[in-house]
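Numbers here are sequence positions counted from 1. Both counts, for ligands and for their atoms, begin at 1 and track the order of listing.
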Amino acid sequence: MATEKKTCWCCGSQELKKFYEVDDAPVHSVLCISSREEAINFRTGNIKLVFCKDCGFVFNAIFEAAHSAYSEKYEATQSFSPAFNAFNEKLARGLIERFDLCGKDIVEIGCGHGEFIKLLSEIGNNRCVGFDPAYREDVGVPAVEGKISFVKDYYSEKYSDYKADFVCCKMTLEHIQDVYSFMSTVKKSVKNTDATIFFQIPNFELILKELAFWDVYYEHSSYFTKQSLFKLFERAGFTVTNIWTDFDDQYLMIESGLKGKHQINGKASDIAELQVLIDTFKISCKEKILEWSKKFKSFKQENKKVVVWSSSSKAVAFLTALRPSVVEYVIDINPRRQGFFMAGTGQEIMSPSFLKEYQADIAIIMNPIYLPEIKKMLAELDVYTQVLTV
Ligand SMILES: [Zn+2]
């Protein structure tokens, strides 16, 4: 059993309030699992989300780091999606322009397979180093002498000799527990005080507003809103220059420096608004889960064939919350996920072209932002499936 954390990872406060629990969540969502049996019996852990009344940070107070294994079997790339690539390219171009990133040294913490640093390197002619224990040479962006290199390890002070004019870290902080000590390590490791530090994470405010229970899963131990992210950066000694949301508000982005003054304020009054959303989340999510289970029941009665589109962590959380027997397959455009099985519920992951043969009546889309490209793909395949979004 995990010992419950009684102080906030972000600000150290003990004013914590439990508000949401998930039992038996698969501890990893996107490790490639080769058999249905292994997938169904995949190791689980419990989630107890607590809210810090002082800074607004939300975290799983009973998270057990011992469950984590970010190995080469970890496959979370979204780079097969045109909409995702367009977003990343626009972001890279925007950062290059704003920070004059041309011929500079860039470090990316948690670079995945290197798709983003490839953009930064190619568009701005920058020298980039990506840190990620899950990077794979066979499927990732190849290293390019003097331009792009990879270190298959977690970033730490050990690597402070790597020069950085710009440090980016996308979709990584939410996997970290002691976020304050992580940010302090980043602060100590970046020797160049003129460097810009950019982070991107899921926007928990949107998750709360949309009652997106599928966005709470074991791999994510930490959940931020603008307030708590500001607080964390401030406490760790960064000066915050901008915080904004993008990708239909799904992502929260922060820009900061290592000297000077904040250029924005973290408003304490917003914590009260957050508290209201927190208070309704549990009850309203329960209702939403119930609605979905009624839908699945009627699909079953009507002998409908239903698939879930995406084998992402969202899909794992959605399927484990509902366990719909009517869903026999999951569709994913990423060929590196196809042929593997969904953690917790065991559906086999298939390619979109499988739908030609399977003739599903309904496809449930886990992220509405991909709806246009999914509809286009279905039309190209000559597949006429009703599409529903969560
Ligand atoms: Zn706190």
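Here the Zn ion (ligand 1) has protein N, O or S atoms under 2.8 Å from it, and they come to 4.
When side chains are defined from C-beta on, P202 does not count as touching Y223, because their heavy atoms never get closer than 4.5 Å. Side-chain atoms of F42 and V27, non-hydrogen and from C-beta on, do get closer than 4.5 Å to each other.
Residue pairs meeting the salt bridge (Lys or Arg N to Asp or Glu O under 4.0 Å) criterion with at least one partner in residues 378-390, sequence neighbours excluded, are K376-E380. The salt bridge (Lys or Arg N to Asp or Glu O under 4.0 Å) contacts involving residues 299-314 comprise D215-K314, E302-K304, where partners must be two or more places apart or lie in separate chains.
Under a cut-off of 6.0 angstrom, the local environment of CD in E38 is crowded, with over 12 non-hydrogen atoms contributed by other residues, nucleotides or ligands.
For K356, there are no salt bridge (charged side-chain N to carboxylate O under 4.0 Å, His left out) partners at least two apart in sequence or on another chain.
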